[in-house]
Trainee: 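Sending over a structure as structure tokens; questions will come in a sec.
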Amino acid sequence: MPKRKKRILFAAFEAVPFIKTGGLGDVAGVLPGVLNGKDFDVRVVLPKLSSIPKQYTDKMQYVASLTVPLSWRKQYCGIEVLKHNGVTYYFLDNEYYFRRERAYGYGDDCERIAFFSKAILECLQFLPDFIPDLIHCNDWHTALVPVFLHEHYGHLAQYRGIKTIFTIHNLKFQGLFTRAYLWDVLGLGGTPAEPQITQGDAINLMRGAVCYADWLTTVSPTYAQEICTGYYGEQLDGLFRSRHERLSGILNGIDYKEYNPETDSMIPATYSQADMSGKAACKAALQEELGLEVNPEIPLICMISRLTEQKGMDLLVFILDEFLHGNAQVAVLGTGDDRYEHDMRHFAATFPGKCAASLRFDSALSHRFYAGADLLLMPSQFEPCGLSQMIAMRYGTLPIVRETGGLKDTVIPYNQYTGEGTGFSFANYNAHELLFTMQTACRLFSENPEAFAQLQKQAMEADFSWAVSAEQYKELYLNLLAKG
Ligand code: ADP
């Protein structure tokens with residue numbers, strides 16, 4: 001008899017191409033499709049937000065409607081289904097909660113999120129042939145799933161044995177709300193879950209998942225270790241330490257179809273490891289476009305990022321004046337805190353031809369940056385995984401990173417004695433360490449072009465495809481399910 005496929009329900013509040021506000025949307029949009037196959041039937045559950053493009057909502061099909069209990073409330077929920085790129089997506093519909101312009105940021109987010117988590121569990125009774133073996137939850141928006149499963153559904157036969165994984169993409173947002181919600185919305189007041197999700201005078205939804213999920217993951221192995229420390233743990237480090245045996249890190253991948261210098265239609269000239277001449281053309285075109293001096297001999301360092309403290313902007317603005325007195329160019333593409341946007345405008349005005357600031361979000365331009373730059377800057381204070389450094393390496397653009405989180409796991413620092421490496425890195429969150437590392441990278445570019453070209457080749461050979469991460473998720477699912 002053929003073995004039954006393991007059923008995985010991937011629960012998220014966003015997934016491309018339906019809803020995207022950040023990195024979680026990319027992961028949830030790609031990973032389930034890569035996991036699907038002969039051993040796994042992976043389906044995705046999402047809220048039916050009104051921002052989902054009409055081309056998709058038109059194709060959704062009605063499955064069932066049900067009533068979701070939420071403390072004293074009884075709320076309507078419709079289930080609709082859509083098959084997209086071979087993956088089955090269930091959309092949970094309630095216009096009161098989800099007919100909004102944005103995904104998050106409303107006064108009743110706690111209630112909307114609680115509804116979504118409860119509805120995920122309730123809807124399992126209405127999905128034909130799909131009681132999952134495992135629910136894979138992501139970030140605080142689905143953190144209540146393991147809590148409700150344990151507290152409210154544990155006694156029901158069809159829910160018994162369902163495992164849960166909780167993946168942290170962003171520890172900064174934990175879902176903190178006033179305690180009043182505990183009784184009025186969550187219906188968890190006075191239950192054993194109460195102390196688990198209570199934090200001081202508030203409730204912390206992520207805390208609940210960290211206590212109740214069968215396994216915890218973050219999006220890089222180093223970040224999984226870092227969050228067990230006070231510096232990175234965002235006040236949950238003690239809890240992570242107590243569960244470290246059930247905490248692991250799996251790196252995100254990047255979309256190899258979208259980011260491919262050999263086929264990218266958004267860059268002026270395509271190129272490959274074997275023939276890098278197109279990259280020189282991309283650099284010249286970018287220098288021209290940004291008003292920088294068009295000169296192949298001047299190293300061009302780019303940054304494509306949110307302009308925030310997390311991304312190391314305070315270090316950059318501290319040393320940029322000193323750095324730009326040397327023979328190098330810096331171009332930034334990003335939006336973020338006013339003060340950093342202001343600083344970048346100042347540097348661009350002070351160093352015309354050497355520094356450029358494109359203060360907007362522009363995906364097509366980001367491709368031209370990745371292809372045209374020699375080096376990419378990412379001096380983050382913390383970085384759960386980071387995508388930019390992986391994309392850059394695929395384009396033969398060497399990253400300069402701080403050794404933290406996913407940056408440490410993906411960039412091999414240049415070793416001048418062995419020639420090993422895929423980029424440059426520094427350890428401490430210190431502006432002059434950043435400056436020296438930028439200067440070292442530029443020196444190698446100018447004084448030893450063969451060694452620099454060899455590093456580019458090594459960076460382009462590194463494998464950051466989703467296939468690698470998917471294998472690790474599959475292994476984790478199987479191990480967890482084997483535990484019974
Ligand atoms: P984050 O912490 O912001 O998720 P990542 O490195 O994981 O950082 O992902 C950032 C993604 O957003 C990358 O794909 C990067 O190319 C893209 N990006 C960031 N800023 C911009 C911008 N201003 N314009 C276009 N793309 C951007």
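Every number for a ligand or one of its atoms is a count from 1 in the order of the listing.
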Trainee: Below the 3.5 angstrom mark, is there an N/O of Met378, backbone or side chain, next to an N/O of ligand 1?
Mentor: no
Trainee: For Gln273 and Lys457, work out which heavy atoms get closest and say how close.
Mentor: OE1-CG, 3.7 Å
Trainee: Ignoring angles and geometry beyond distance, decide whether Ser388 reaches within less than 3.5 Å of ligand 1 through its nitrogen or oxygen atoms.
Mentor: yes
Trainee: Tell me, which protein residue and heavy-atom name are nearest atom 23 (N) of ligand 1, and how many Å apart are they?
Mentor: Arg360 O, 2.8 Å
Trainee: For Arg241, look at atom CZ and say whether over 12 heavy atoms of other residues, nucleotides or ligands are found less than 6.0 Å away.
Mentor: yes
Trainee: With a cut-off of 4.0 Å, which atoms of ligand 1 are near a heavy atom of Gly334?
Mentor: 23 (N)
Trainee: Is it true that atom NZ of Lys354 has more than 12 heavy atoms of other residues, nucleotides or ligands lying nearer than 6.0 Å?
Mentor: yes
Trainee: Are Gln458 and Tyr414 close enough that a side-chain donor and a side-chain acceptor fall under 3.5 Å?
Mentor: no
Trainee: Ignoring hydrogens and angles, state whether a donor on the side chain of Gln329 or Gln287 is under 3.5 Å from an acceptor on the partner side chain.
Mentor: yes
Trainee: Side chains of Tyr429 and Arg402: any donor to acceptor distance under 3.5 Å?
Mentor: no
Trainee: Report yes if some N/O of Arg306 lies less than 3.5 Å from some N/O of ligand 1; otherwise report no.
Mentor: yes
Trainee: Hey, looking at atom 7 (O) of ligand 1, which of Asp26, Leu387, Leu24, Ile254 has the closest heavy atom?
Mentor: Leu387
Trainee: Which residue supplies the protein heavy atom nearest to atom 8 (O) of ligand 1, what is that atom called, and how far is it?
Mentor: Lys311 NZ, 3.0 Å
Trainee: Side chain, backbone, both or neither: which applies to Ile391 and ligand 1 if a contact is any heavy-atom pair less than 4.0 Å apart?
Mentor: side chain
Trainee: Considering only heavy atoms, does Asp362 approach ligand 1 within less than 4.0 Å through its side chain, its backbone, both, or neither?
Mentor: backbone
Trainee: Write down the atom of Ile298, the atom of Phe445, and the distance for their closest heavy-atom approach.
Mentor: C-CE2, 3.9 Å
Trainee: For Phe464, does the six-membered ring have the charged nitrogen or CZ of Arg394 within the cation-pi criterion, i.e. under 6.0 angstrom from the centroid and within 45° of the normal?
Mentor: no
Trainee: Could you check whether atom 25 (C) of ligand 1 has a protein contact, counting only heavy atoms that fall below 4.0 angstrom?
Mentor: yes
Trainee: Any donor-acceptor pair under 3.5 Å linking the side-chain atoms of Tyr97 with those of Glu111?
Mentor: yes
Trainee: With the threshold set strictly below 4.0 angstrom, can you tell me whether any protein non-hydrogen atom sits that near atom 2 (O) of ligand 1?
Mentor: yes
Trainee: Can you sort out which atoms of ligand 1 are near Ser366, meaning under 4.0 Å from one of its heavy atoms?
Mentor: 25 (C), 26 (N)
Trainee: Give the residue and atom name of whichever protein heavy atom lies nearest to atom 22 (C) of ligand 1, and the separation in Å to one decimal.
Mentor: Phe361 CD1, 3.5 Å
Trainee: Does atom 12 (O) of ligand 1 have any protein heavy atom closer than 4.0 Å?
Mentor: no
Trainee: Side chain of Gln174, backbone of Trp140: donor and acceptor closer than 3.5 Å?
Mentor: no
Trainee: Counting only heavy atoms not in Glu475, do more than 12 sit closer than 6.0 Å to its CD atom?
Mentor: no
Trainee: Can you check whether Thr335 has an N/O within less than 3.5 Å of an N/O in ligand 1?
Mentor: no
Trainee: Give yes if a backbone or side-chain nitrogen or oxygen of Gln310 is under 3.5 Å from a nitrogen or oxygen of ligand 1, and no if not.
Mentor: no
Trainee: Mark up the atoms of ligand 1 that fall under 4.0 Å of a heavy atom belonging to Tyr370, in ascending order.
Mentor: 13 (C), 15 (C), 16 (O)
Trainee: Heavy-atom distances under 4.0 Å decide this one: backbone, side chain, both or neither, for Pro384 against ligand 1?
Mentor: neither
Trainee: Closer than 4.0 angstrom: is that true for some heavy atom of Gln389 and an atom of ligand 1?
Mentor: no
Trainee: Which residue owns the protein heavy atom closest to atom 4 (O) of ligand 1, what's the atom, and how far is it?
Mentor: Gly23 N, 4.5 Å
Trainee: Charged N to carboxylate O below 4.0 Å: is that the case for Asp26 and Lys20?
Mentor: yes
